[in-house]
Amino acid sequence: MKNKFLILSLAISASAFGASIDHIQTYSPDYLANQAQNGMINNVSAYYNPAGVGRLEEGKYVHAGLQYAFGNETMSYAGKTHKANLRQAIPNVALYSVDDKGAYFATFGGIAGGGDLKYNGVPGLNVAMDKYNAMGLGLYDKGTKVEGSNKYEQLTLGRAFNIYDKLSVSVAGRVVHGTRELKGTIDIGLNPNQSFVNASKAKLQKQISGLPAAQQQAAIQQYTAKMGVLLKNGLQGDIDVKREAWGYGFQLGIDYKATEKLNLAARYDSRVKLNFKSKGSENQLNTSGIIGTNIGFTSFYNQYMPGTKTRRDLPAILALGASYKVTDKYTVSTAANYYFNKDAKMDRVVDSFGNSHGRDYKNGWEIALGNEYQLNDKFTLIGSINYAKTGAKASSYSDVEYAIDSTTLGAGVRYKYDETLDIAGSVAHFIYNTSEGTFKAKHGVSENQKYKKSITAVGISLTKKF
């Protein structure tokens, strides 16, 4: 089962435009156009209102979609800017079989994570060099590169039951596969000032003062040779680690047709426990002779240390929605999602410098408004707006993670080719708040690091009824 699932997941990279810390809601391209899907009964109800799937016309349905996200993410500190471009495709597939008592449904696609991003340098390295440069080391970046990606795929199988003409419920099981990868090389040059050189020599002289003259001379020659190599080559380190986990959860849904015009729905996605195991390799910087210990990527991000296991769960979600048919041609909808971040363990670790991570999360939420207007028998125009509060505090922001609050504008058009085929095109632009981290409090420097994102996504989907 797992091997087959992995083969399917090769085509999936979950989007980097999530509404929560890890979770996304862009399960289908149709969401880009209308982010208030929770109370709708339509071609993508299996993702957002599974209890409503049984209200579709009887038959078998195949829904397939493809999204493409593009934009950039930027980290900056002390006048240095590190920018990564996002280019990410995200497919999805859903199958429904609707009968007079309800429906069976299956969905596959991205559920959480971020796209593949490559940075030339990171603020964490900049602030570390600033701190050690106060000792006179003269550190400078010769070409550090960091690449990271977080990808989660899900397969959900369930059944919707029509209790009576107004009420339906659903139940489903879910399997999730997650990978979080970190690759990078650190390349640092040294140009120490004379005060540091003199202090180093004085320290060495103190250490060898009691030795015979010949041994003292040998120690000085060894130190001189070592420093010569260090000044010439600098400091190099690297990491290539993949964290992987499998988890399981369940989903419950309810749909109530209050009137001929008003539909109400709710969905609960359970927490998915994911115990990530890290595999790979790391070579740390050989800095023990300078600062007393070697350091590397895992000095700051212990969860990536090869051989370790660290829980990073997907939080539970409560999703509420309503849709109202204003006229025969015009429908409005609203949706709200609540993320139970506090109940999930998300990389709760303490780094090599005593800083605690993974506990700086509050519960998150988002609200959305959408509307759809049927121009004629063939075309329907769609538009929406969404505001997301991730629940991530500024103290949680780092080089490998920064979940920033956002506002999303979406639009699209749906074309009814015939009674059995719908085609939808969509676009959304994600407007992220510019946010600051907490370098001043954590490292005692004069300014905080800053984070920016700008992402746009386009998509197309097809739904065929048999």
Side-chain angles (χ1 to χ4, degrees), residues 21 73-83 119-142 144 146 148 182 184 186-200 202-203 230 234-237 239 282 284-305 346-362 390-405 433-452:
I21 294 164
E73 303 190 14
T74 303
M75 303 183 287
S76 60
Y77 168 74
K80 302 178 181 67
T81 298
H82 309 288
K83 185 176 181 180
Y119 287 95
N120 291 324
V122 290
L125 178 62
N126 299 144
V127 73
M129 289 193 298
D130 283 353
K131 291 185 68 175
Y132 288 120
N133 278 339
M135 300 166 54
L137 281 170
L139 300 175
Y140 60 96
D141 190 357
K142 294 171 62 179
T144 295
V146 182
L182 180 62
I186 303 176
D187 192 0
I188 298 176
L190 292 86
N191 186 23
N193 60 28
Q194 194 59 46
S195 295
F196 178 83
V197 173
N198 293 339
S200 297
K203 181 179 179 181
L230 188 60
L235 295 165
Q236 287 82 35
I239 191 171
E282 181 190 28
Q284 296 195 334
L285 302 179
N286 186 17
T287 53
S288 59
I290 304 174
I291 60 174
T293 182
N294 291 341
I295 60 172
F297 285 98
T298 59
S299 301
F300 302 92
Y301 314 115
N302 306 56
Q303 62 269 35
Y304 285 93
M305 188 176 295
M346 293 188 282
D347 284 345
R348 295 179 181 178
V349 297
V350 177
D351 66 27
S352 301
F353 305 97
N355 297 310
S356 179
H357 301 280
R359 293 174 174 82
D360 298 326
Y361 301 123
K362 297 187 290 186
T390 67
K393 298 179 183 178
S395 53
S396 73
Y397 299 163
S398 70
D399 298 339
V400 296
E401 173 186 338
Y402 46 100
I404 304 175
D405 300 341
N433 299 346
T434 299
S435 298
E436 288 192 1
T438 56
F439 272 5
K440 287 195 290 186
K442 284 184 178 180
H443 303 295
V445 293
S446 60
E447 66 177 272
N448 287 322
Q449 75 277 35
K450 297 179 177 62
Y451 301 97
K452 293 181 181 180

If I take atom CG from residue N191 and atom CZ from residue F196, how far apart are they, to the nearest 0.5 angstrom?
11.5 Å

Distance-only donor-acceptor check, side chains D130 and H443, under 3.5 Å
no

Validation row: L125, I188 side chains within 4.5 angstrom (heavy atoms)
yes

Provide the closest heavy-atom pair for Q303 versus D347 in the form atom of the first, atom of the second, distance.
NE2-OD2, 3.6 Å

Where E436 and K450 come nearest, the two heavy atoms and their spacing
OE2-CE, 3.5 Å

S435 backbone acceptor or donor facing N433 side chain under 3.5 Å:
no

Residue pair K80 / P123, side-chain heavy-atom distance below 4.5 Å
no

Would L137 and M129 count as a side chain to side chain contact (heavy atoms under 4.5 Å, CB included) if you check the C-alpha gap in whole Å, the side-chain angles of each, and the deciding distance to 0.1 Å?
CA-CA 9 Å; L137 281 170; M129 289 193 298; over 6 Å; no

Tell me if the aromatic rings of Y397 and Y451 count as close, with their centers under 6.0 Å from one another.
yes

Are any non-hydrogen side-chain atoms of T390 and I404 less than 4.5 angstrom apart?
no

Heavy-atom nearest pair, E73 first then Y119, reads CB-OH, 3.4 Å

If we ignore hydrogens and angles and just use 3.5 Å, is the side chain of E282 paired with the main-chain N or O of F297 as donor and acceptor?
yes

Gap separating the OG1 atom of T293 from the CG atom of N286, nearest 0.5 angstrom
10.5 Å

For the student: nearest non-hydrogen atoms of A392 and A403, plus distance
CB-O, 3.7 Å

Do S398 and F300 have side chains that get closer than 4.5 Å, going by heavy atoms?
no

When you measure from the side chain of D141 to the backbone of N126, do you find a donor-acceptor pair of N or O atoms at a distance under 3.5 Å?
no

Polar side-chain atom of Q449 near backbone of F439 as donor-acceptor pair, under 3.5 Å:
yes

Does atom NZ of K142 have more than 12 heavy-atom neighbours, drawn from other residues, nucleotides or ligands, at distances under 6.0 Å?
yes

Under 3.5 Å donor-acceptor, D187 side chain and T144 backbone
no

How long is the gap from NZ on K452 to OG1 on T81, to the nearest 0.5 Å?
8.0 Å

Are I186 and I239 side-chain neighbours, meaning at least one heavy-atom pair lies under 4.5 Å?
no

For L139 versus L190, what's the shortest heavy-atom pair and its separation?
CD2-CG, 3.6 Å

Over all heavy atoms of both residues, which pair between V445 and K440 is shortest? Give the atoms and the distance, please.
O-CG, 3.3 Å

Are I21 and M346 side-chain neighbours, meaning at least one heavy-atom pair lies under 4.5 Å?
yes

At what distance, to the nearest 0.5 angstrom, does CD1 of I295 lie from OG1 of T287?
4.5 Å

